[in-house]
Amino acid sequence: MLNKRIKEIILQNPSNEEIVVYGWVRTKRESKNFSFLEINDGSTIKNLQAVLENNIPNYESIMQKTTTGASVELKGVLVCSQGKNQSVELKVSSIKIIGEADPDQFPLQKKRHSFEYLREIAHLRPRTNTFGAVARLSNALSFAIHSFFQEKGFIYFHNPIITASDCEGAGEMFQVTTLPLENIPTNEGKIDYTKDFFGKKASLTVSGQLEGETYACALGNIYTFGPTFRAEHSNTTRHLAEFWMVEPEIAFCDLQGNMDIAEEFLKYIFKYILEKCPDDMDFFNTRIDNTVIANLQNIIKEDFARITYTDAVNELLKAKVDFEYPVQWGINLQAEHEKYITEIVYKKPVIVTDYPKDIKAFYMKLNDDNKTVRAMDVLVPRLGEIIGGSQREENYTKLVKRIEELKLEPKDYWWYLELRKFGTVPHSGFGLGFERVIQFVSGMQNIRDVIAYPRTFRSIDF
RNA sequence: UCCUUUGUAGCUCAGUCGGUAGAGCGGGUGGCUGUUAACCACUAGGUCGGGGGUUCGAGUCCCUCCGGAGGAGCCA
């Protein structure tokens, strides 16, 4: 049977029944005849206050070893607390040190550390308030994502992690090979991939979308939720080389339906977090960013703004702001432009649609104007793009034409094209960066602090 | 990949005009009958990121390498 956790214990009423508590010491406050310990076991951000009087067995010697970071077993009874920061506390009858933490060496102190420093001790940072809260938030958010799609009858689909399609166009790929790098087999001066593990060049996936479409065009509505890899030399607070992405794909659905799902989805998971993680959200709101809760509440209440790319450009042209990148129809919207639209003009999430075809991927459905495609980006204040999606081109001839225009090889996409040859349907989908959502919900500034072990350009220490 | 910035005690930082180092927190010791960022006193702790140069003298100026951070691009 599992031990009772602090999350439940602190909600109990005082009682004479002896309980056992396991956890790690966060802080110790000693007086002459007694001490206070704060114990955390990861089940909640809250600590259990334990009171130890000097008449318990081996008080002196054991208190010496009871230092920040040590793991302990406490036995005692729950009593009303005389202090005002907690309603109950544990009156300890015996304490056992399970594992010591030498205070001269233990890197976590009972004080605030910088996030940069904590990244250097990523194996210990989940023992801090912030990273414990991030971990619990991440857990709840994962569950919320599944529960949203499951309630709507979507099928959870595992897309392959290793892929042979080298032309997905979403970014630089990590190559996967078992070829001996110090002696690569060649054939007429070129690398001989027939000798490689799969017999051809292979990489880690940059998106499960193309495979997702094949299952959507069989099962109706599907979603993927798994790791994704980009070998970009990105060096920002919003990029990782390994991250998790949610990609729903919906058959018999146009861009309108796609936007509706995206908006409903975001509101659902935000609402879920506010309901299920009140203590952790309260911590983020107090210690990290005092606007996060109010922002989420507003987003849940209000409709997202929806504008076309063309309207967005006109809005930017009217703006009395000096943008570093001049605005002109046809350009990619820059971070500063997206921020202006979502933070200054609308002050809430904005869905921008119908981008010029030249700045978007080949698979997006062409509009009748022949200039724009049925793409959508969901922009949120502070973060910018949180979702990117589109209605897919379901017309075989048009899709082949787009592939050729972009100087790609239709034969590389033979199976993707066959979806359009056999029982084609209009379908749509989008991609959501999981860690970016955690950033948005928690107010954490750097994406490296919302994933357990961040992998970024030139950095993989754990 | 580009631009900017930064590297000083275990941690967070200060260090003026070039004259070889300081605070707070943390640690240790002692004190305190209810603390909760506990408090009070004392105390230990530094090859100033590495290498080279200028100078009588470099934490400080110059060159170079390495690490961290922020911004841009790419995107989720």
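Just so we're clear, the structure is a prediction, and the values are computed from it rather than from any experiment. Below, chains carry the letters A, B, ... as their sequence lines are ordered, and counting in each starts from 1.
- With a cut-off of 3.5 Å on both pairing distances, the Watson-Crick or G-U wobble partner of B:C56 is B:G19.
- Comparing the C1' positions of B:U5 and B:A44 gives a spacing of 35 Å, expressed to the nearest Å.
- Atom CD in A:Glu30 sits about 15 Å away from atom P in B:U36, given to the nearest Å.
- Pairing for B:U5 goes to B:G68, judged as Watson-Crick or G-U wobble with the two contacts each under 3.5 Å.
- Put simply, CZ on A:Phe225 is 13 Å from C1' on B:A76, counting in whole angstrom units.
- Going from the P atom of B:U35 to that of B:G50 covers 46 Å, rounded to whole Å.
- With hydrogens and angles left out, the side chain of A:Arg230 and the base of B:A76 share a donor-acceptor pair within 3.5 Å.
- Taking atom P in both B:G68 and B:C42, the straight-line distance is 41 Å, to the nearest Å.
- Distance CG (A:Asn129) to P (B:U36): 17 Å, rounded to an integer number of Å.
- Listed nucleotides: B:U1, B:G28, B:A72. Nearest to the side chain of A:Phe457: B:U1.
- Residue side chain A:Arg436 reaches the base of B:C75 through a donor-acceptor N/O pair under 3.5 Å, judged by distance alone.
- Between A:Tyr325 atom OH and B:C3 atom P the separation is 13 Å, expressed in whole Å.
- Remark: A:Gln445 CD is loosely packed, at most 12 non-hydrogen atoms of other residues, nucleotides or ligands lying under 6.0 Å away.
- Nucleic acid contact class of A:Phe36 (heavy atoms, under 4.0 Å, all strands): base.
- B:A9 atom P lies 17 Å from atom CG of A:Asp104, rounded to whole Å.
- Across the protein-nucleic acid pair, A:Lys110 atom NZ and B:G28 atom C1' stand 13 Å apart, rounded to whole Å.
- Under the Watson-Crick or G-U wobble criterion, with both distances below 3.5 Å, B:G24 is paired with B:C11.
- Rounded to an integer number of Å, the gap from CG of A:Leu333 to C1' of B:A72 is 16 Å.
- On a pure distance criterion of 3.5 Å, no polar donor-acceptor pair joins the side chain of A:Glu116 and the base of B:G68.
- Of the P atoms belonging to B:U16 and B:C62, the separation is 14 Å, rounded to the nearest Å.
- Residue A:Asn33 is classed as a base contact, given a heavy-atom separation below 4.0 Å to a base.
- Base engagement by A:Leu240 is indicated by at least one non-hydrogen atom pair under 4.0 Å involving a base atom.
- Rounded to whole Å, the separation between the C1' atoms of B:G7 and B:G15 comes to 15 Å.
- You'll find the side chain of A:His146 stays beyond 4.5 Å of the side chain of A:Glu151, heavy atoms only.
- Mapped onto RNA chain B by nearest heavy atom, A:Met245 and A:Glu336 fall at different nucleotides, with A:Glu336 at the one closer to the 5' end.
- Taking only side-chain nitrogens and oxygens, A:Arg26 never comes nearer than 4.0 Å to OP1 or OP2 of B:U36.
- Note on A:Asn235: every side-chain N or O is 4.0 Å or more away from OP1 and OP2 of B:G73.
- Not a single donor-acceptor pair, N or O on each side, falls under 3.5 Å between the base of B:C11 and the side chain of A:His113.
- Taking CD1 from A:Ile438 and CG from A:Leu141, the interatomic distance works out to 5.5 Å, rounded to the nearest 0.5 Å.
- Using a 4.0 Å heavy-atom distance criterion, A:Arg238 is classed as a base contact.
- Within the structure, every side-chain polar atom (N or O) of A:Asn85 is placed at least 4.0 Å from both OP1 and OP2 of B:G34.
- The residue A:Gln105 sits apart from the nucleic acid: no heavy atom pair falls under 4.0 Å.
- Checked by distance alone, A:Glu89 brings a side-chain donor or acceptor within 3.5 Å of a matching partner on the base of B:G34.
- The aromatic ring of A:Phe243 sits over the base of B:A76, with ring centres less than 5.5 Å apart and planes tilted by under 30°.
- Residue side chain A:Gln49 reaches the base of B:U35 through a donor-acceptor N/O pair under 3.5 Å, judged by distance alone.
- Heavy atoms of A:Thr67 sit nowhere under 4.0 angstrom from any nucleic acid atom.
- Atom OH of A:Tyr215 has 12 or fewer heavy atoms from other residues, nucleotides or ligands within 6.0 Å.
- Using a 4.0 Å heavy-atom criterion, one finds that A:Phe106 contacts no nucleic acid atom at all.
- Using a 4.0 Å heavy-atom distance criterion, A:Arg287 is classed as making no nucleic acid contact.
- Taking the C1' atoms as reference points, B:G59 lies 14 Å from B:A9, given to the whole Å.
- In terms of position on RNA chain B, the residue among A:Arg29 and A:Asp377 whose nearest nucleotide sits closer to the 5' end is A:Arg29.
- Of the side-chain N and O atoms in A:Gln64, one or more sit less than 4.0 angstrom from OP1 or OP2 of B:U29.
- In this structure, A:Tyr413 has its ring center under 6.0 Å from that of A:Phe362.
- Not one side-chain nitrogen or oxygen of A:Arg458 sits closer than 4.0 Å to the OP1 or OP2 atom of B:C66.
- Residue-level contact check: A:Gly83 touches the bases, meaning some heavy atom is under 4.0 Å from a base atom.
- Distances shown here put every side-chain N or O of A:Ser234 at or beyond 4.0 Å from the OP1 or OP2 atom of B:C74.
- For A:Glu60, the CD atom is loosely surrounded, since the number of other residues' heavy atoms within 6.0 Å does not exceed 12.
- Salt bridge A:Lys348/A:Asp303: absent, no basic N to carboxylate O contact under 4.0 Å.
- Under the 3.5 Å distance criterion, with hydrogens and angles disregarded, no donor-acceptor pair is assigned to the side chains of A:Asn159 and A:Glu211.
- Look at CZ on A:Phe115: it is 11 Å from P on B:G70, rounded to the nearest Å.
- Nucleotides B:A21 and B:G46, compared at atom P, are 14 Å apart to the nearest Å.
- Within the 4.0 Å cut-off from OP1 or OP2 of B:G71, at least one side-chain nitrogen or oxygen of A:Thr237 is found.
- With a cut-off of 3.5 Å on both pairing distances, B:C75 has no Watson-Crick or G-U wobble partner at all.
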#### Entry: Trace of the side chain to side chain contact (heavy atoms under 4.5 Å, CB included) decision for A:Ile161 with A:Leu204
CA-CA 6 Å; A:Ile161 303 299; A:Leu204 295 178; 4.2 Å; yes

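- Open room surrounds CZ on A:Phe143; 12 or fewer heavy atoms of other groups in view lie less than 6.0 Å from it.
- You'll find that the side chain of A:Lys32 is closest to B:C32, out of B:U12, B:G28, B:C32.
- Judged by distance alone with a 3.5 Å cut-off, no donor-acceptor contact links the side chain of A:Gln109 to the base of B:G26.
- The partner of B:U35 cannot be assigned: no Watson-Crick or G-U wobble pair with both contacts below 3.5 Å exists in any strand.
- Across B:C25 and B:A41, the matching P atoms stand 10 Å from one another, rounded to whole Å.
- Using a 4.0 Å heavy-atom distance criterion, A:His233 is classed as a base contact.
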